[in-house]
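Heads up: the structure comes next, in structure tokens.
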Amino acid sequence: MAGLDDRLRERDPILGIVNLPLAQILQDGSEITRLYSIQEGVGFGSVKLELPRPALGWDTATVEVSKPLTLNIHDKSKAGWLSKATNVVVSTTDSTDHLSKAAIDSASGSLSWEFDQVRLPVYTRYASSVYFEFGSGGLLNRKPDAIAVLWLKDMVDDEETTVEVPVVVGKDLRQLRQNVLNDFAKKTHEYEVIGTLKVQIRVDAGLDMDHEKNAKSQARRHAFEAYDHIEGEAQVAEKLSHADDDGVIDKQERKDIKAAQSRQLENRQRGISGYKPYRTMKWIKQGIKSRIHPEKPAKREPTVNTEA
């Protein structure tokens, strides 16, 4: 960073330069507050830097989308797909969910979706977006008819926010969704804004039980197992402790309690997990399964041209 003197009768001399090697200063955390001395200029002293709040979050998080989801179309001539499909696909880089059965407001013409809360785990929050795909294009063509893209880098951790996201149509929507839709994107991609999507969203920071189904690589699995031992089991136990609050423990609740007890024994290498032959058989099973059904990338995105 360079500080310049832009006062009148000055030819913008450099007051000082602060060198910030990000690979070093962010090695142990995603935020830092420190005084750095200025160098190589006509000035002297120090400078204090603070990152904006959206940049102070966790890279591992869960995107929480709450109801209702409201779609307002300004240009209905470009939204003929509404008559044939009102389903919505909500996705991040790591996970996907589907919404259907939209209700139409006859007065305003807007569409709204009522649903249980959607939680989508992500591992690279600052390089990820949550995007909404509208329409299906038919049985043979799975390309969306319109999309809305919200980048998670702009969100503050653990704060529920209501935002209006532009809904766009264009030629190559699958490539377009990899871009921040700003003035620069308008110059390089062909798309048109036809409405807005109103959504309530929150970034739930850190690991939680939603990440279990995505913890498939060795590093992710080990991180989740450590979390499960320290916090996950306690959260499940707290939830199941209220199973008898209504005076009745139904069949599903009994099943959940039994599964939680078995999980705790296995995590602590107790019960049958205390015997090495059983653990060896689980290891063999995992190896066979990984060869029969090898892991695939989370999503294969279209190629993006770079200057590298």
Side-chain angles (χ1 to χ4, degrees), residues 63 65 67-104 109-116 118-125 127-155 163-199 201 213-214 216 293-306:
V63 182
V65 181
K67 62 182 181 181
L69 198 68
T70 305
L71 174 65
N72 292 290
I73 299 296
H74 305 149
D75 187 355
K76 290 185 171 55
S77 63
K78 303 291 179 62
W81 44 270
L82 283 177
S83 60
K84 59 183 179 180
T86 58
N87 60 301
V88 181
V89 179
V90 188
S91 302
T92 63
T93 306
D94 297 287
S95 49
T96 298
D97 207 335
H98 298 261
L99 307 178
S100 58
K101 298 180 180 178
I104 301 177
S110 63
L111 281 76
S112 62
W113 286 263
E114 294 287 339
F115 52 92
D116 294 332
V118 173
R119 290 176 60 85
L120 303 172
V122 292
Y123 280 92
T124 53
R125 172 264 188 93
S128 300
S129 64
V130 54
Y131 50 90
F132 304 82
E133 298 180 340
F134 303 93
S136 62
L139 294 175
L140 300 178
N141 182 12
R142 294 296 182 181
K143 295 181 180 180
D145 295 299
I147 61 170
V149 182
L150 176 63
W151 285 90
L152 301 177
K153 66 180 181 60
D154 300 321
M155 306 299 297
V163 294
E164 289 194 356
V165 189
V167 177
V168 301
V169 294
K171 277 189 173 181
D172 192 348
L173 295 180
R174 290 189 173 177
Q175 191 169 54
L176 183 63
R177 73 188 183 194
Q178 300 176 71
N179 297 270
V180 177
L181 302 183
N182 52 19
D183 292 339
F184 181 78
K186 190 70 175 177
K187 297 177 182 177
T188 56
H189 295 78
E190 293 184 21
Y191 69 91
E192 184 177 351
V193 178
I194 63 169
T196 59
L197 179 69
K198 188 176 182 180
V199 57
I201 192 168
K213 60 180 178 292
N214 296 92
K216 296 179 180 179
H293 301 288
E295 296 297 334
K296 298 180 180 178
K299 283 188 177 66
R300 183 177 177 85
E301 297 285 5
T303 303
V304 177
N305 294 327
T306 67

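Keep in mind the model is a prediction, meaning the values are calculated, not measured.
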field: Asn182 atom CG, over 12 foreign heavy atoms within 6.0 Å
entry: yes
For Ser129, the side chain to side chain donor-acceptor pair (under 3.5 Å) test, sequence neighbours excluded, returns none
When rounded to the nearest 0.5 Å, the distance separating CG of Leu71 from CZ of Phe132 is 11.0 Å
OG of Ser95 to CZ of Arg119, rounded to nearest 0.5 Å, is 11.0 Å
Separation between CG (Leu150) and CD1 (Ile201), nearest 0.5 Å, reads 5.0 Å
The reported gap from OG1 in Thr196 to CD1 in Ile73 (rounded to nearest 0.5 angstrom) is 8.0 Å
Across all chains, not counting sequence neighbours, the side chain to side chain contact (heavy atoms under 4.5 Å, CB included) partners of Lys213 are Pro121
Those residues at least two apart in sequence (or on a different chain) that pass salt bridge (Lys or Arg N to Asp or Glu O under 4.0 Å) with Lys171 are Glu190
Side chain to side chain contact (heavy atoms under 4.5 Å, CB included) filter on Lys153, not counting sequence neighbours, yields Tyr126, Trp151, Val180
Rounded to the nearest 0.5 angstrom, the CG-CD1 distance for Asn72 and Ile194 is 11.5 Å
Correct closest heavy-atom pair for Val169 and Asp145 would be CG1-O, 3.4 Å
Go through the steps to decide whether Asn179 and Phe184 satisfy the test side chain to side chain contact (heavy atoms under 4.5 Å, CB included), and finish with yes or no. CA-CA 10 Å; Asn179 297 270; Phe184 181 78; over 6 Å; no
- With a 4.5 Å heavy-atom cut-off, do Leu197 and Phe134 have their side chains touching? yes
Residues at least two apart in sequence or cross-chain that pass side chain to side chain contact (heavy atoms under 4.5 Å, CB included) with Leu176, listed by chain then number, are Ile147, Val168, Leu173, Leu181, His189, Tyr191
Residues Trp113 and Leu99: closest non-hydrogen pair is CD1-CB, 4.2 Å
Closest non-hydrogen atoms of Ala148 and Val165, given as atom of the first, atom of the second and distance, are CB-CG1, 3.9 Å
Of all heavy-atom pairs linking Val167 and Ala146, the shortest is CG1-CB, 4.0 Å
Distance col, row Arg125:CZ vs Asp94:CG, nearest 0.5 angstrom, shows 13.5 Å
The side-chain contact (heavy atoms from CB on, under 4.5 Å) partner of Lys198 among Leu69, Val163, Thr70 is Thr70
Sorted by chain and residue number, the side chain to side chain contact (heavy atoms under 4.5 Å, CB included) partners of His98 (sequence neighbours excluded) come out as Val89, Thr96
Sequence neighbours excluded, the answer for side chain to side chain donor-acceptor pair (under 3.5 Å) partners of Glu114 is none
